[in-house]
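Accompanying notes for the structure given below.
No experiment lies behind these values; they were computed from the predicted model shown. In what follows, every heavy atom counts, from backbone to side chain, and hydrogens, waters and symmetry copies are set aside.
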Protein chains: 2
Amino acid sequence: MTNDDSSGSRYTRHSRDDVVAAALAILDQHGLPDLTMRRLAATLDVQPSALYWHFANKQTLLASVADQIVARARPAGAGSGWADDSGADDAGALSSGWADATRVEADALRDALLAFRDGAEVVSSTLALGLGAGEAMTRLTGAIDGGGFDRRTSEIAAAAVLHFVLGHVSHEQQRLQADSLGVVAAGQSADPSDVATSARGREAFDFGITLLLTGLAELAPARLSESPA
Amino acid sequence: MTNDDSSGSRYTRHSRDDVVAAALAILDQHGLPDLTMRRLAATLDVQPSALYWHFANKQTLLASVADQIVARARPAGAGSGWADDSGADDAGALSSGWADATRVEADALRDALLAFRDGAEVVSSTLALGLGAGEAMTRLTGAIDGGGFDRRTSEIAAAAVLHFVLGHVSHEQQRLQADSLGVVAAGQSADPSDVATSARGREAFDFGITLLLTGLAELAPARLSESPA
DNA sequence: ACCTGAACACCGTTCAAGT
DNA sequence: ACCTGAACACCGTTCAAGT
């Protein structure tokens, strides 16, 4: 699927993409702590040192993994251009086009992070490197930018949304594995009021996004093309 | 300072608190990657195995470290009770008492996290364990609760604030060390528009908090005791 | 272009035993 | 109550050398 068949030598020599795909598989099935260079090499039938021909170090590898996770956040449709503003939209509580678009991006990002075990932690860890999370920032900024805010406002707001999303999903995923390991602090175990509980998770996520978008709409009421009131 | 002098044996036998204090020192001076059980043991002049008398494992130790970091977020004054609502306050753009109080807590938390290298990451990693971050949640929830929202709303909103704070500061601290190592992705190096830059850091943080608090004030306009308009 | 072999300098954790 | 000694099963990374 991911690889383009490469050359015809029997014992597969691997490409960069092969390595990333194998890393994603380990991440998904066994989690970040088990994603070691040695284990990755073993699943590829290769010596650990071979990986260093493809990647300078583990951090770089993880950045590529983060990249793939975030790339899967593309909401179904095409790559670059959405269809044109199609007539009537079915108005939520806060239904400027830019706010809906931003929420769609945030939801897609959450889904993508949840799709891989420890996904949020991997993406968070590569935030400063400007990969993985970089595309997420671009997409969120683009959505918010539809509101006609000045560029800097859009960027800072997008960063706030991204930080909330990463923080929230990271918490959710920690909870998932803590529960599966039965490791929680005394007097706090299996706390059903925890906002990261699977039941309350989606709800708390939606609320957080709503707070940010509502705040943005209130604070920076730029000339929007819609909603004259 | 932290230890209560203990017994009189010459070669110091250590307490749990001693271990945590030493861990905090390593964290602050060398960062999380250097905070290993073996190195920690060495600075205490003890075998690595000795640490396992005090803590079940490294994760538990880190939770205690997180605890200490967050505990330092207490805004100067006393422990439990603030002084009474002292007369006139100098009104910000959004100056309900609860909003100001929440901002004070968020600021104190950011300062506490920034005070130790990789502080945000340490606290984040123990979020699901209900220590460290648990106290932060309590404090934020308490501040927001002053707005008279129902308990569940206060809790979810506090979690949103906490997730934003952890995500933002984590990014800031990653930036700090990435810059000091000169390790940034090509075409992205030393990006001055990055919201996690030291210059823009505080500004972006304030803006994010404002978005959340404004959104909360707008969405759940509970009967406040103040601001009749 | 992609990989092996061998080494270096580390990890967290367990457990019997000591004082 | 607190620690030693010794071991187990691992890590990430480098580098000369092979094909």
task: With sequence neighbours left out, write down each residue that passes salt bridge (Lys or Arg N to Asp or Glu O under 4.0 Å) with A:Arg38, or none if nothing qualifies.
output: none
message: Using 0.5 Å steps for rounding, measure from the CG atom of B:Leu61 to the CE atom of B:Met37.
response: 5.0 Å
query: Hey, does A:Val161 have a side-chain heavy atom less than 4.5 Å from the side chain of A:Leu109?
result: no
- request: Answer yes if the side chains of A:Ser64 and A:Asp67 hold a donor-acceptor pair under 3.5 Å, and no otherwise.
  value: no
Per-pair distances, 0.1 Å, donor-acceptor, side chain in residues 48-56 of chain B, under 3.5 Å, sequence neighbours excluded:
{"residue": "B:His54", "atom": "NE2", "partner": "B:His14", "partner atom": "O", "Å": "3.4"}

- line: In numerical order, the residues of residues 27-36 of chain B whose heavy atoms come under 4.0 Å of DNA chain D are none
query: Is the shortest distance from a Lys or Arg side-chain nitrogen in A:Asp107 or A:Arg103 to a carboxylate oxygen in the other one below 4.0 Å?
result: no
query: Do A:Leu35 and A:Leu62 touch side chain to side chain, with heavy atoms closer than 4.5 Å?
result: yes
- line: Assert: residue with more 5' nearest nucleotide on DNA chain C, out of B:Arg39 and B:Ser49, is B:Arg39
message: Once salt bridge (Lys or Arg N to Asp or Glu O under 4.0 Å) is applied, do any residues pair with A:Glu155, and if so which ones, sequence neighbours excluded?
response: A:Arg151
- request: Treat a base pair as Watson-Crick or G-U wobble with both distances under 3.5 Å, then lay out DNA chain C in dot-bracket form, 5' to 3', with | for cross-strand pairs.
  value: ||.|||||...|||||.||
- prompt: If we take the P atom in both D:dC8 and C:dA9, what is their distance in whole Å?
  reply: 22 Å
query: chain B on DNA chain C: first and last contacting nucleotide, 5' to 3', under 4.0 Å to a heavy atom?
result: C:dC11 to C:dC15
task: For the pair A:His163 and B:Phe164, name the ring-plane relationship: parallel under 30°, tilted 30 to 60°, perpendicular over 60°.
output: tilted
statement: By nearest-heavy-atom nucleotide on DNA chain D, the more 5' of B:Arg38 and B:Pro48 is B:Pro48
message: Please determine whether side-chain contact (heavy atoms from CB on, under 4.5 Å) holds for the pair A:Ile156 and B:Arg200, giving the CA-CA distance in whole Å, both sets of side-chain angles, and the decisive distance to 0.1 Å.
response: CA-CA 9 Å; A:Ile156 296 187; B:Arg200 309 221 192 273; 5.9 Å; no
